Amino acid sequence: MQQEDQLMPDGRRHGAIDQSLRQALHRGLTRRRFLRKAGQASFAAGAAVSLPSLLAACGVAPAATPQPTPPGGTPPAEGGNLNFANWPFYIDQDDAGASDTLRQFTAETNVQVNYQERIESNDGFFGTVAPALAAGQDTGWDLIVVTDWMVARLVGLGYLERIDVAADVPQFQANAADAYKDPWYDPGNQHSVPWQSGFTGIGYNIALTGREITSINDLWSDEFAGRVGMFSEMRDSMNFAMLRLGINPEQATVEDAQRAVQELLTQAPLVRAYYGNEYAEALANGDVAITMAWSGDVYQLQADNEDLRFVIPDEGANLWVDNMCIPRRARNPAAAKQMMDFVYGPEIAAQIAAYVQFISPVPAAREILAASDDEEEQELADSELIFPSDETLGKTVGYPNLDEEAERVWQELFQQVVQG
Amino acid sequence: VAAIGAARERVPLARRLRSATPYLLLLPGGIWLIAFFFLPMATMFSVSLQEGSLARGFELTFNFGIYPEVIDRWSTQLVRSFQYALMATVAAIAIGYPLAYTIAFRGGRLKGILLLLVILPFFTSYLIRTISWKFILADQGFVLGTFKELGLLEPGFHVLATGAAVISGITYNLLPFAVLPIYVSLEKIDKRLIEAAGDLYASRLSTFLRVTLPLSLPGLFAATLLVFIPGFGDFINAEFLGARDTTMAGNVVQRLFLTNNDYPQAAAISFLMMGLILVGIILYTRLVGTEELTR
């Protein structure tokens, strides 16, 4: 999608429309200016939509299209192409959709990057690549970004290429925070290194709730009947129910899952809808007063609506880590490893963090932002949501680690919550 | 003698070729149907009878028991899909028939433009059109928000996340499929029949009921099928305009397939829905058979 935007003669206009389209469809990891544009262009979006963006919207698996050589540029002597699938608005981009990080990467490595915002949810993306992986075929991607538990699942199924972090990703060894090394979901970082991480907490509109929100119990409160938003992704919602019940999700059993489902079923009559990426619009539009939310999103939505707040509830919040990994039989794993290493340079990490505003795995990025001339970037260095303190991190929990059979049982249990 | 013999042989060959022509003409369509209809159907049926998981792989065990299982588990959503599709069909005809009638009989020189306006929404993606409604009908959006500020609506009033929103969405998205076939059948009615009815002192109402309406039944028949079938399988409208208690069978299939990776159950529901539609159409055709209508 990115590349097509750039190829259009009037790339800016189409870019804006595509962005507002993505805004409407995807997890709203947006910079402020896109949110403004989304409002202006949401109707224009109806008028002119490119085929590639529609295909992307439908989640059609790509026939890995190599990026064309830019006009006037010389074809790479070596390095080849890197097909990189990521979530929307998860890398620095200018108005035309071009990314400095990717440009610098190509300049340094001679690898052409085909960067596609093709991942809208872990389960949904898994659903599109699983048939190819199960059949032992190439997925069309060299590098993908998925959440911790999905890494564990992919590792369990044998769907990921091995990496040797010491040799392949030296900058990760040197610059990543200790918390990101040797994680539970991928011991020894044998298949993955983090991209960004963040919190799932509660977002609310104080004008509609009429009071501060501090507890997960507020999501179960009658006073917000019909204006509560929950997530349709099983782990996020189940974790909240278990936090409310005082169960540690990381060690949850099937009996715990059944109790959590009962808890969610008692809440169901109050729930407006079980949202995916589009919860951010529901919060911004006032469809919900209080909703589960991702940390970076609300921070950015505040630019347009000062009544919006994000809180890490007293009971705790989910901490997730999104990771770069290489699907089995990827065509260019060497380039994927180069990219993994490249983004662990502190300057690059700061550049991405300043844009996406989730938690950077590179602590040194904080000093770089603090030393920035840009006032906005200096503020980011002090943000508890981007560089959280140990106290904040102490309130967070991870996700349950489920094998394939448990995964199926939990998903079946949870389906009655979202679909009746 | 040799020449006569050759000619004799040539004639049956040409005749044979000529008699084969209809089959040759059917060949491209036949291959298309086998490749893109029959094979996927057969695969789906086979998948529905398999058991297993992604980790273990799926094996064909002829598990026919899955059909009663999915009917039992998802009957609410299946019945809801039927109800929603039926209501959307009735609504689309109620809106589409007068529209098609007006364009066909009163359109005059504007006919072409009016028809273009009917299909104009198709120039935009289904998905985008549906999502636009989310913005338009948002609780605090410019329509409902304005009414609420004027005190004309309760603060808690909402349109989204209701069954009415989903049915309206299906109706809106499929309306052109109702208008076009009805228009075509109205358009080709011989106007002299209507004049004759008037000459025979039929009132305008009875002219409509006894001449125009019966002659437009083939269009109505096509319209109901074209709206009902996609409406029954729809999941986009329920996904974006609905909530938990408006979940349709299509949404269940989507989640079973993409989230739960439960391919057999997803395939079983899909196959079941196709079977239901097929039986429905056969019954419907028997009731208001197309052949009698077009005779």
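No hydrogens, no waters, no symmetry mates; every other heavy atom, side chains included, goes into these values. Chain A is the first sequence line, chain B the second, and so forth, proteins listed ahead of strands; every chain is numbered from 1. What you are looking at is a predicted structure, and each value in this text was computed from that prediction instead of being measured.
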Part of Leu208(A) within contact of chain B (heavy atom distance under 4.5 Å) | side chain

Between Glu404(A) and Arg56(B), is there a side-chain N and carboxylate O pair less than 4.0 Å apart?
-> no

Could you tell me which portion of Leu144(B) (side chain, backbone, both or neither) has an atom closer than 4.5 angstrom to a non-hydrogen atom of chain A?
-> neither

Check whether Ser232(A) gets within reach of chain B through its side chain, its backbone, both or neither, counting any heavy atom under 4.5 Å.
-> both

Partner residues of Ala241(A) under the side-chain contact (heavy atoms from CB on, under 4.5 Å) criterion, sequence neighbours left out | Trp220(A), Ala260(A), Glu263(A), Leu264(A)

Gln415(A): which of Val252(B), Asp262(B), Thr259(B) passes side chain to side chain contact (heavy atoms under 4.5 Å, CB included) = Val252(B)

Side chain, backbone, both or neither: which part of Thr76(B) has a heavy atom under 4.5 Å from chain A?
-> neither

Okay, Asp245(B) and chain A: the region with an atom under 4.5 Å from a heavy atom over there is neither

Sort Val288(A) into side chain, backbone, both or neither according to what part of it lies under 4.5 angstrom from a heavy atom of chain B.
-> neither

Where Tyr263(B) and Ala130(A) come nearest, the two heavy atoms and their spacing | OH-CB, 4.0 Å

For Arg244(B) and Gln416(A), indicate whether the former's side chain and the latter's backbone hold a donor-acceptor pair under 3.5 Å.
-> yes

Looking only at heavy atoms, the pair that brings Ser53(B) and Glu405(A) closest together is OG-OE2, 3.7 Å

Answer yes or no: are there more than 12 heavy-atom neighbours, outside Phe38(B) itself, under 6.0 Å from its atom CZ?
-> no

Residues Glu412(A) and Gln265(B): closest non-hydrogen pair is OE2-NE2, 4.3 Å

Arg272(A) portion near chain B, given a 4.5 angstrom heavy-atom threshold | both

Are any non-hydrogen side-chain atoms of His158(B) and Asp287(A) less than 4.5 angstrom apart?
-> no

Sidechain N-carboxylate O distance under 4.0 Å for Asp139(B), Arg227(A) | no

Given that the side chain runs from C-beta out, which part of Phe125(A) has a heavy atom under 4.5 Å from chain B: side chain, backbone, both or neither?
-> neither

